[in-house]
Amino acid sequence: MKIAICSDHAGVEYKTKLISYLLGKGYEVLNFGTDSTESMDYTDVAHPMAAAIEAGEADLGIALCGTGNGMAMTLNHHRGIRAGLAWGVAIGRLVKAHNNANVLVLPARFISYQMAVSIVRTWLATEYEGGRHQRRIDKIPV
Ligand code: RB5
């Protein structure tokens, strides 16, 4: 399982720790940056990560910015991406089970690192339920 990951400056600290966590669990990780705390635009890492997932270079993705909203808005412009924001474990489960999010978005300035790890662990362990949820997902593209 290959996981792509990206953040802006607001999410870089959690991203760095999450990369170690994921590698320790045996996942392959593709890091799209940023790797600095210098202010930058989340779009500049979100678009390349989304394109890589769409091209099949990674199975899933994780994106972090301050609120998560900039990342989610950018990523969801890509047809092959369903980016879902989660700030608690229950939402982390549902965003996979019901929305089949292939990118998990975390609001780094509003959750603890421990919560971020708990959400990631849950999202990775959860199976998409399909059924009525697929009918709804099929109606998303415009
Ligand atoms: C950066 O200050 C902040 O705007 C960004 O991390 C994110 O919250 C945007 O949605």
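Both ligands and their constituent atoms are indexed starting at 1 by order of listing.
- Residues A46 and C6 come closest through the heavy atom pair CA-SG, 4.1 Å.
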Does the pair Y113 and E13 meet the rule for a side-chain hydrogen bond (donor to acceptor under 3.5 Å, both in side chains), with working shown?
CA-CA 9 Å; Y113 175 68; E13 185 190 331; over 6 Å; no

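- Residue contacts with ligand 1: M73 is excluded, as none of its non-hydrogen atoms falls under 4.0 Å.
- Both F32 and Y42 are assigned to one and the same hydrophobic cluster, defined by single-linkage of ILVMFWY side chains at heavy-atom distances under 4.5 Å.
- Just one residue in the list T67, L75, N76 forms a side-chain contact (heavy atoms from CB on, under 4.5 Å) with V105, and that residue is L75.
- The cluster map of Ile, Leu, Val, Met, Phe, Trp and Tyr, joined by side-chain heavy atoms under 4.5 Å apart, puts M115 and Y21 in the same cluster.
- Nearest protein heavy-atom neighbour of atom 9 (C) of ligand 1: Y42 CE2, 3.6 Å.
- Looking only at heavy atoms of the protein, atom 3 (C) of ligand 1 is closest to R109 NH1, 3.9 Å.
- For ligand 1, the atoms closer than 4.0 angstrom to any heavy atom of G66 are 5 (C), 6 (O), 7 (C), 8 (O).
- In terms of N/O distances under 3.5 Å, ligand 1 is not approached by C65.
- If you check which protein heavy atom lies closest to atom 10 (O) of ligand 1, you get G70 N, 2.9 Å.
- The option with the heavy atom closest to atom 5 (C) of ligand 1, from among T67, D8, L64, is D8.
- Every heavy atom of M71 sits 4.0 Å or more from the atoms of ligand 1.
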